[in-house]
Amino acid sequence: MVANKMKGKLEPSERQKLIEEGKNLKEGLVSLEENLLKLTDQLQQEAQCIPNITHPDVPIGGEDCSIIRKTVGSPREFGFSVKDHLELGKQLNLFDFDAAAEVSGSKFYYLKNAAVTLEMGLISWTLSEVMKRGFTPVITPEIVRSSVVEKCGFQPRGENTQVYSIEGSDQCLIGTAEIPVGGIHMDSILAESSLPLKYVAYSHCFRTEAGAAGAATRGLYRVHQFSKVEMFILCRPEDSESYLEELISIEEDLFTSLGLHFKTLDMASGDLGAPAYRKFDVEAWMPGLGRYGEISSASNCTDYQSRRLGIRYRPQEPIPTTSKKKSKGNLAPTQFIHTLNATACAVPRMIVCLLENYQQEDGSVIIPEPLRPFMGGLEIIAPTST
């Protein structure tokens with residue numbers, strides 16, 4: 001409007017007045033845009049505090065209210081004094097926590113000798129088994145933008161965050177491959193014919209483990225950096241519950257084939273993270289630690305992540321129309337896809353399970369048969385003479 005007025009013949013004083021008015025409008029617009037950005041960020045932060053809804057069958061309450069879905073096997077009976085993985089690892093020269101503490105700090109570790117072969121074997125075997133079930137293998141970036149972390153339902157800026165943020169940047173280290181895999185199709189519209197998309201991702205994971213302390217977290221059980229194989233599915237909303245069942249079945253098959261004793265739990269509402277509509281944890285028996293420990297979880301996040309990440313699909317069926325002409329108007333509207341994730345192998349905790357459950361009286365550890373072809377045929381980790 002000011003620009004239009006400037007086009008006519010004006011007195012110098014009137015022209016100067018309009019110039020000042022235009023300048024004030026520009027400055028005001030800049031201020032409004034800055035305020036809008038601040039308010040948008042505040043709104044986003046508030047919205048992130050709202051978790052997903054929960055499945056009607058989710059037990060209500062804290063972790064103790066979780067329900068056992070399935071129990072596989074029974075604790076092994078030992079005819080000798082059982083050692084934990086720390087003692088076994090020391091005797092078999094498998095890892096070094098002391099040197100890692102000097103180099104990196106507490107809750108870091110070096111794997112050595114047969115432990116390195118065991119980690120590589122676990123990763124290769126797990127990838128092989130999951131790929132047989134139609135999953136596409138990927139190795140992900142391990143640094144992602146903070147905004148992607150937030151959109152996946154994690155809060156890198158929270159007081160007790162598990163996320164490592166990189167100072168002076170808008171990036172974070174990933175705590176799970178779920179985050180970079182979730183971002184692969186960010187801000188895109190998928191064809192219904194391409195669904196489901198199934199990925200099995202290998203990555204290192206980094207977690208601050210804020211507030212974690214005590215005997216229950218010592219050794220390899222809770223560390224700042226570890227390798228993990230993660231499954232991730234993008235599917236139509238009506239299919240997500242059946243794919244959650246598929247993910248749980250894969251986990252149970254993997255752990256059963258390794259001869260582990262474990263239980264699968266339908267986790268209570270108080271133990272669900274913000275993105276999870278429903279979550280099942282697998283807890284395996286760790287005889288050296290004398291307790292069950294979580295080795296895996298599977299979650300249906302419905303459209304909680306896809307709405308934030310902007311991942312939609314277009315159904316194949318067009319909207320019925322009486323017109324013979326094809327137009328964008330008779331395309332089916334897009335819908336948000338559902339996302340699911342599940343741990344196929346969290347390496348350190350799997351090493352804990354295998355060392356403690358397969359230990360022998362002489363201090364050696366037997367390698368489960370399925371892993372042997374992936375470890376150069378190694379059948380037993382035996383103490384070496386110094």
Side-chain angles (χ1 to χ4, degrees), residues 33-52 97 100-110 138-188 199 201-214 217-218 220-232 271-276 279 294 297 299 301 304-311 339 341-343 346-349:
E33 287 175 343
E34 288 176 351
N35 289 337
L36 178 61
L37 285 173
K38 289 178 183 176
L39 287 170
T40 301
D41 187 57
Q42 288 173 10
L43 181 61
Q44 178 69 17
Q45 294 302 312
E46 291 297 323
Q48 284 170 196
C49 296
I50 303 171
N52 200 349
F97 288 93
E102 292 296 325
V103 171
S104 303
S106 64
K107 296 187 185 298
F108 287 93
Y109 58 95
Y110 286 96
V138 293
I139 293 179
T140 73
E142 294 171 357
I143 294 177
V144 296
R145 298 185 188 280
S146 301
S147 59
V148 178
V149 179
E150 292 170 351
K151 288 172 182 178
C152 286
F154 302 91
Q155 296 195 32
R157 304 181 217 178
E159 290 183 9
N160 286 321
T161 181
Q162 296 295 314
V163 179
Y164 280 108
S165 295
I166 299 174
E167 189 176 357
S169 79
D170 69 338
Q171 296 169 312
C172 302
L173 299 178
I174 64 169
T176 169
E178 168 192 345
I179 296 168
V181 176
I184 291 176
H185 299 286
M186 187 167 60
D187 298 323
S188 60
Y199 294 103
Y202 164 73
S203 74
H204 294 103
C205 303
F206 306 86
R207 300 184 185 180
T208 65
E209 297 299 353
T217 68
R218 67 199 188 99
L220 289 173
Y221 188 80
R222 198 176 295 280
V223 289
H224 289 310
Q225 176 185 329
F226 59 95
S227 301
K228 182 158 71 80
V229 179
E230 183 81 0
M231 298 179 286
F232 195 91
D271 197 62
L272 299 183
K279 180 166 78 91
E294 181 192 336
S297 69
S299 300
C301 297
Y304 186 90
Q305 295 174 327
S306 64
R307 285 180 180 274
R308 289 155 176 75
L309 292 165
I311 311 174
T339 61
N341 64 82
T343 309
V347 172
R349 292 191 183 180

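Note that these values count all heavy atoms, side chains included, but never hydrogens, waters or copies made by symmetry.
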* To do: If the plane angle is over 60° it's perpendicular, under 30° parallel, otherwise tilted; pick one for His224 and Phe108.
  => tilted

* To do: Just do the side-chain contact (heavy atoms from CB on, under 4.5 Å) check on Thr161 and Phe154 with the steps written out, would you?
  => CA-CA 8 Å; Thr161 181; Phe154 302 91; over 6 Å; no

* **NZ-CD distance between Lys38 and Glu34, expressed to the nearest 0.5 angstrom** => 6.5 Å

* Distance-only, no hydrogens or angles: does the Ser146 side chain make a donor-acceptor pair with backbone N or O of Asp170 under 3.5 Å? -> yes

* Stepwise, does the side-chain contact (heavy atoms from CB on, under 4.5 Å) test hold for Val347 with Phe226? -> CA-CA 7 Å; Val347 172; Phe226 59 95; 5.9 Å; no

* **Side-chain heavy-atom pair Arg349, Arg222 within 4.5 angstrom cut-off** => yes

* Asked: More than 12 foreign heavy atoms under 6.0 Å from CD1 of Ile166: is that the case here?
  -> yes

* Looking only at atom types and distance, does a side-chain atom of Arg207 sit under 3.5 Å from a main-chain N or O of Gly175, one as donor and one as acceptor? -> yes

* **Main-chain N/O of Gln155 paired with Glu150 side-chain donor or acceptor, under 3.5 Å** => no

* Can you list the steps and then say if Arg307 with Lys151 is a side-chain contact (heavy atoms from CB on, under 4.5 Å)? -> CA-CA 8 Å; Arg307 285 180 180 274; Lys151 288 172 182 178; over 6 Å; no

* To do: Check Ala177 against Glu230 and note the closest heavy-atom contact, atom names and distance.
  => CB-CB, 4.1 Å

* Taking every non-hydrogen atom, the tightest pair across Val103 and Tyr110 -> CG2-OH, 3.4 Å

* Verify, without hydrogens or angle tests, whether Tyr221 (side chain) and Pro348 (backbone) share a donor-acceptor contact under 3.5 angstrom. => no

* To do: Before giving the answer on side-chain contact (heavy atoms from CB on, under 4.5 Å), spell out for Asn52 and Gln305 the whole-Å C-alpha distance, their side-chain angles and the decisive distance to 0.1 Å.
  => CA-CA 9 Å; Asn52 200 349; Gln305 295 174 327; over 6 Å; no

* **Shortest non-hydrogen contact between Phe206 and Glu142, atoms and distance** => CE1-OE1, 4.1 Å

* Asked: Of Val181, Val138, Thr140, Thr176, which is the lone residue that meets side chain to side chain contact (heavy atoms under 4.5 Å, CB included) with Phe232?
  -> Val181

* Structure fact -> Here the pair of heavy atoms bringing Val163 nearest to Leu173 is CG1-O, 3.9 Å

* Name the one of Cys152, Pro141, Ser203 that satisfies side chain to side chain contact (heavy atoms under 4.5 Å, CB included) with Ile174? -> Ser203

* What is the minimum heavy-atom distance between Cys172 and Ser165, and which atoms define it? -> SG-OG, 3.7 Å

* Asked: What's the spacing between Lys228 NZ and Tyr202 OH if we round to 0.5 Å?
  -> 12.0 Å

* Quick one: pull up OG1 in Thr40 and CD in Glu33 and give me the separation to the nearest 0.5 Å. => 11.5 Å

* Structure fact -> Of all heavy-atom pairs linking Ile50 and Tyr304, the shortest is O-OH, 2.9 Å

